[in-house]
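Lettering of chains follows the sequences in order, A, B, ..., and the numbering in each one begins at 1.
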Protein chains: 4
Amino acid sequence: MADKMSDKTRRRLPRHVREQQIIDAAIQVFSKRGYHLAVVDEIAELAGISKPMVYLYFGSKEGLFTACIRREGELLTESFANAARTARDAESQLWRGLSAFFGFVAEHRDGWVVLYRQASEVGGEVAAEVQRQRGEVGAAVASLVASGIARTDTSARLADPEVSFVAMALVGAADALTDWMAEHPGESPDQVTQRLMSMIWVGMRNALAGETWTPPRG
Amino acid sequence: MADKMSDKTRRRLPRHVREQQIIDAAIQVFSKRGYHLAVVDEIAELAGISKPMVYLYFGSKEGLFTACIRREGELLTESFANAARTARDAESQLWRGLSAFFGFVAEHRDGWVVLYRQASEVGGEVAAEVQRQRGEVGAAVASLVASGIARTDTSARLADPEVSFVAMALVGAADALTDWMAEHPGESPDQVTQRLMSMIWVGMRNALAGETWTPPRG
Amino acid sequence: MADKMSDKTRRRLPRHVREQQIIDAAIQVFSKRGYHLAVVDEIAELAGISKPMVYLYFGSKEGLFTACIRREGELLTESFANAARTARDAESQLWRGLSAFFGFVAEHRDGWVVLYRQASEVGGEVAAEVQRQRGEVGAAVASLVASGIARTDTSARLADPEVSFVAMALVGAADALTDWMAEHPGESPDQVTQRLMSMIWVGMRNALAGETWTPPRG
Amino acid sequence: MADKMSDKTRRRLPRHVREQQIIDAAIQVFSKRGYHLAVVDEIAELAGISKPMVYLYFGSKEGLFTACIRREGELLTESFANAARTARDAESQLWRGLSAFFGFVAEHRDGWVVLYRQASEVGGEVAAEVQRQRGEVGAAVASLVASGIARTDTSARLADPEVSFVAMALVGAADALTDWMAEHPGESPDQVTQRLMSMIWVGMRNALAGETWTPPRG
DNA sequence: GATGAATGAGGATTCATTCAT
DNA sequence: CATGAATGAATCCTCATTCAT
């Protein structure tokens, strides 16, 4: 009787639920193997269903990947934005935002890998979506950066080379630190964020303020 | 007879030359398509030879990729090390090293992409080589960083979390800025380097010296 | 309550009605796509029901196709026979029969295509039914032809090569003209019939009477 | 030694030869099963090679089918045209042309089936090619018909409804008689042609001359 | 040294068909 | 009566890799 119940837990689920399960499985497999080495069969098996379901719900391997990207991307951007919104001044906002970011990655390692580390691997239609999502993340950071130092019109500054430069560097660094974090399990996301802030906060302010470093004669 | 000669311009080249031609072609294709979407046929055609030659010289697609990685990796590490070696103090060394790095990428975009952006894409044997090469680059930077601020034993500090953290962040930022540079063709590698130094030099020194940033109460 | 009623307009129809609706939809789809390219989903959707109903009523795709073939075949044979029966002499019978045929096709283009143009496409069980139906049509024509010129026993002549030859040629021509008619929407079925009769009536009589054409020496 | 030779007969053949062998096999299989039921594996096996060869040479199942259609279509149109060209007057030309046609079909049954009987079965790109080839055949007949009775400008008459009607009917009848011929192996192509000419020659002339049959009052 | 010919193996995708509700 | 959920079984196609010349 009880096990009839547990059977029911896995069988004949409504579409929406199954879709999430499939995405969960897909993220795992895409993350472990990379897009091309990931085999749809394995995803299906891991999700506890048969291949045709995947195609029924997502249309194609690309479609499935896109769905993964999208879900994780939105999750991240939201948690980033929510965190930043809780603070008023630029410094706090960046701190909160980065902290949320590292926290997210710490808990969604697979998702992050899928989301961010496979740009060159996919081609065609999906590449565009990947670009879009990556851009979203970058834009969130950029807007934080811009607003942080803008005494004047924020939106105008978004296009500034200075801003995009800083944002890009920041995102790149954060991404790379994702691996560092994985190799140093003892460090909490907040500690990592603190390290990063220590390293860039002063310079960032200066850079955005126009104070430039000049090469030594050595 | 005469046309036999002109044929010879392309045919029957010594092994070493052919190998380089093939690697050149391979880097182009791997870079444009990514490892899995790259098709050996296309590489062979681009190199102006037939597929079996590729296998004769490199054994397998993986072997060919490894060769690409290795050649570009060595090129980069050397140019980085050479540049750094010309300076004495830490600041200058980093400046010279990064400058060499951005210069290299500016001229070897394809090579850099192949070298650094495909970690998740390849599996098995090659993955190890990729890791090794990426590590090499990281180590070069790390050693620079470490030596830069070490008043004491350099090699000891290499294992320090501080050092690896800074190195990682730096490499990540530099990598990401590679794209920024591609989108801002007006900026010379030196200008990019200067921007980056402005952003991180102060903070980096402080961070490595143990001065930590602390979160505001906001 | 009221809307339960309006729902009932489409729902819970008696079996016989539903079957006809499904066959209608099936004929459309089979005709547009051909047997293999026709997808059961599309048929079900067009019929406004769900796939399982199709299987409940017809057992299989083949079964559904057979039902289509059968319905249209009977429709045609009957209308052909009825028309022919209204005339007494051979000439009139053929005229009436052909006229009925072209009239039928003009109004049931889809049905005719399904019925007659997919012999090679289906395999196995269905092929037999298709053959049977096509034979039925041929036989009706043949019997007309035979009776038309038979001074003696009609049924005996049915097996004659002359009769089957003429019947076959006639059916083939008529089938092909089906397309011609579709491309010349101005022509009424009766006009088409008249053209055809002009072309074959004299020769047919002669041929059946044993008068043969002989090749010129040119 | 000798059997090394016979091995060589089947192995490592030059592209052009293999292509023809594959087309031969494909025609057989397409003819027996129909386009959709035909499986590329079976074709490859029958041709004595592996599937990838088929794709290397023809690109896709559709491409292979197109190649079949094209080869057989050209064969037929040429043999038809050549035959017709040997005669001067319309009657002889038609006789020779039809005779060549039935001769062709008698010897290339499979080819004919592939060429002409699968219009509805294939979709997309190929459908166009099939249409083109079928049109070619029809055009050849139509041009014969037109020239045969045209006292004035031939090309003008090709568009005439009368001509296209007669040509269509003729092609349709001939196609259908293809089956009749297969069921009456005793009859030579020339005998079949004679039967057909007996049936249509007089009426055709009349029809094209404008003499129309009128329905009896019965 | 060089290549045209050939293939083993595997992956994405589709579809007729059936449960369980 | 009616259907959303689910799948077994093919089929097309591609690609790294290897002979035989």
Among F:dC19, E:dT3, F:dC15, which is the nearest nucleotide to the side chain of B:V39?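 Within the option list, the nearest is F:dC15.
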Can you tell which of E:dA6, E:dT7, F:dC12 lies closest to the side chain of D:V40?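 Nearest nucleotide to the side chain: F:dC12.
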Students often get this wrong, so: under 4.0 angstrom with heavy atoms, is C:A44 touching a base, only sugar-phosphate, or nothing?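 Counting heavy atoms under 4.0 Å across all strands, no contact is made by C:A44.
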Students often get this wrong, so: under 4.0 angstrom with heavy atoms, is D:R15 touching a base, only sugar-phosphate, or nothing? sugar-phosphate
Atom-to-atom span, [atom1] of [X] to [atom2] of [N] - whole angstrom:
X	N	atom1	atom2	value
B:K51	F:dC15	NZ	P	10 Å
A:F65	E:dT13	CZ	C1'	19 Å
D:H16	E:dG4	NE2	P	18 Å

Of D:D41 and B:Y35, the one whose closest DNA chain F nucleotide lies more 5':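 On the 5' side of the pair lies D:D41.
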Between the side chains of C:R134 and C:Q131, is a donor N or O closer than 3.5 angstrom to an acceptor N or O?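 No donor-acceptor contact under 3.5 Å links the two side chains.
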Taking the side chain as every heavy atom from C-beta outward, state whether A:T66 and A:F58 have any pair of such atoms under 4.5 Å apart.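 No - every pair of side-chain heavy atoms lies 4.5 Å or more apart.
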Check A:E19, A:Q21, A:Q20 against A:L13 for a side chain to side chain contact (heavy atoms under 4.5 Å, CB included) and give me the one that passes.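 It is A:Q21, the one option of A:E19, A:Q21, A:Q20 that forms the side chain to side chain contact (heavy atoms under 4.5 Å, CB included) with A:L13.
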Ring-face cation contact, D:Y35 with D:K61, 6.0 Å cut, 45° max: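 Because its charged atom sits under 6.0 Å from the ring centre and within 45° of the axis, D:K61 does stack over D:Y35.
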Where along residues 52-63 of chain B does a heavy atom come under 4.0 Å from DNA chain E, residue by residue in number order?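 Hits under 4.0 Å, by residue number: B:P52, B:M53, B:Y57.
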